[in-house]
Amino acid sequence: MPELPEVETVVRGLRTPLIGRTARDIWHDWARTIRPTPIAPDPAHFAARIAGQTFRAIERRAKYILCHLDDDILVVHLKMTGRLYVTPDDAIHDADRWVHFRVQLDGGVQLRFSDARKFGFVALTDDFSRLAPALGPEPLADTYNIEALRAGLHGHRKAIKALLLDQAFVAGVGNIYADESLHDAKIHPLRASDSLNDDEIAHLHAAIRRALTDGIEREGASVNWYRKPDGTSGKAQQYFHVYDRAGEPCLTCGTPIEKIRVAQRGTHYCPVCQPTPTLLKG
DNA sequence: CCAGCCCCCTGTCGGC
DNA sequence: TGCCGACAGGGGGCTG
C-alpha cells in the first residue's frame, strides 16, 4: 500500500544507485506491466527508445515515481504490491519471484520492478501530464496551507474519508494516512466534508502534514508488501494509532478501535475521540 | 454530484 | 490438512 511516504522513501533510496546509470535494454514477462504511451506503444518501441538514455533525476508526484532520463521520463506506479530497486545483474532472480520488468543498466546492475498482484505499471513518456489523471496539490508543498485545504473542500459534499482518498483533492494520501490523519484531527471518517468548521479544517490540515512527514521520517509503513529499495522495512507501522488496530485500545482514551467500510475501504477510527456524526445527510 | 459496485490480481488467513 | 471464501486496497470505469 505505498502512499506518499512510501513512494517518497523509494525515490530517495533510488537516487544514489540509479542516477548516472545508462539504460541498455529491457525485459518483461507480463504484458500489462508496461502501459502503452504514444512514444512507447509496445515493448519493442520502449526498448529502442530507452536504450542509451541516462538517468538524470528522480522525483515523486502524488504516488508516481518519475525517473527523468535524457529525453523521456520512466514513470512507475507501485499500486498495492509494487517494489522498485537496483540490484547486480547476477542477483538470484528466484529471490524475488514477482519481478515482471527489468531495465538492464551499464555497470553490471539492473533496475527491477516487482509486483505480486500486477496492479502496478511502468511507462515511458515525454509528457507525464498526459499519462496521469488530474492530480491535486502536494500536501507537503509550502503552498498547501489551510486556505488551500479549505478551497479544495469547496463544492464537495461527501464523506471526508472518501475525499481524502481522492487524488484530485490532495495528492498522495491513501488509506493508512487518511485514517491516521482523521484520528489525529478527531474527525469521524463519515463526516460530511462540508460540515467541518474552521477549527476542524485547521486541525485536519496539520494532521495530514504531520502524518505524512512522520511517515517519511519513519521510511514508510511495511504492513505487508512495501519494502525500501534496499530490501528493508519501514517503521511507520510501529506508530499507527488506528490503522490495522481494530479492537485494540485507542492510544488516547483506551476505547477499542472500530473498523467500518467507507468508500469500499477498511476504515479505522476511535468512536470516542472521533464521535459519530448525528446527520450523514441533510 | 455522489454512493455503490465491479474490475484489475494474488497472497494470506480464518472457518469448516 | 485441505479447500474455499473473504479480505487487502490504488485507481479507473460504470450505473443508479
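Quick note on labels: first sequence line is chain A, next is B, and so on, each numbered from 1.
Residue contacts for A/Ala159: at a heavy-atom cut-off of 4.0 Å it reaches the sugar-phosphate backbone alone, with no base atom in range. Counting any heavy atom pair closer than 4.0 Å across all strands shown, A/Gln264 reaches a base atom. Backbone-only contact: A/Gly266 has heavy atoms under 4.0 Å from sugar-phosphate atoms and none from a base.
Rounded to whole Å, the distance from OH on A/Tyr64 to P on C/dG11 is 6 Å. Rounded to whole Å, the distance from CZ on A/Arg261 to C1' on C/dC7 is 8 Å. We find that CG of A/Leu163 is positioned 9 Å from P of B/dA3, with the value rounded to whole Å. Distance A/Lys118 NZ to B/dC9 P: 8 Å, rounded to the nearest Å. Separating the NZ atom of A/Lys79 from the P atom of C/dG11 is a distance of 7 Å, rounded to the nearest angstrom.
Taking atom C1' in both B/dC8 and C/dC3, one finds a spacing of 25 Å when rounded to whole Å. One P atom belongs to B/dC7, the other to C/dG5, and the distance between them is 15 Å to the nearest Å. Comparing the same atom, P, in C/dG11 and in B/dG11 gives a spacing of 22 Å after rounding to whole Å.
Nearest nucleotide to the side chain of A/Pro133, out of C/dG10, C/dG12, C/dG11: C/dG12. When the nucleotides C/dG12, B/dG11, B/dA3 are ranked by their closest atom to the side chain of A/Lys158, B/dA3 comes out on top. Comparing C/dA8, C/dG10, B/dC2 by their closest approach to the side chain of A/Tyr243 singles out C/dA8. Closest contact between the side chain of A/Lys259 and the listed nucleotides C/dA8, C/dG9, C/dG11 involves C/dA8.
Put simply, A/Phe119 does not rest on the base of C/dG11: the two rings are not both less than 5.5 Å apart at their centres and under 30° in tilt.
A continuous path of Ile, Leu, Val, Met, Phe, Trp and Tyr side chains, each step under 4.5 Å between heavy atoms, connects A/Val170 with A/Tyr243, placing both in one hydrophobic cluster.
Each of A/His156 and A/Ala116 was matched to the nucleotide of DNA chain B holding its nearest heavy atom; the match closer to the 5' end belongs to A/His156.
Applying side-chain hydrogen bond (donor to acceptor under 3.5 Å, both in side chains) to A/Glu6 and the options A/Trp225, A/Tyr226, A/Tyr177 leaves one that passes, A/Tyr177. Screening A/Asp29, A/Asp115, A/Thr33 for a side-chain hydrogen bond (donor to acceptor under 3.5 Å, both in side chains) with A/His100, the sole residue that qualifies is A/Asp29.
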Stepwise ring-ring contact (aromatic ring centres under 6.0 Å, His included) test for A/His205 and A/Tyr144: CA-CA 9 Å; A/His205 172 265; A/Tyr144 192 71; 5.7 Å; yes
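Under 3.5 Å, the side chain of A/Arg265 and the base of C/dG10 form at least one donor-acceptor pair of N or O atoms.
Between B/dG11 and A/Trp98, a contact under 4.0 Å exists linking OP1 or OP2 to a side-chain N or O. Note on A/Lys63: a side-chain N or O is less than 4.0 Å away from OP1 or OP2 of C/dG11. Here A/Arg32 reaches the OP1 or OP2 of B/dC9: one of its side-chain N or O atoms lies under 4.0 Å away.
Under the 6.0 Å distance and 45° angle rule, A/Arg218 counts as a cation-pi partner of A/Tyr239.
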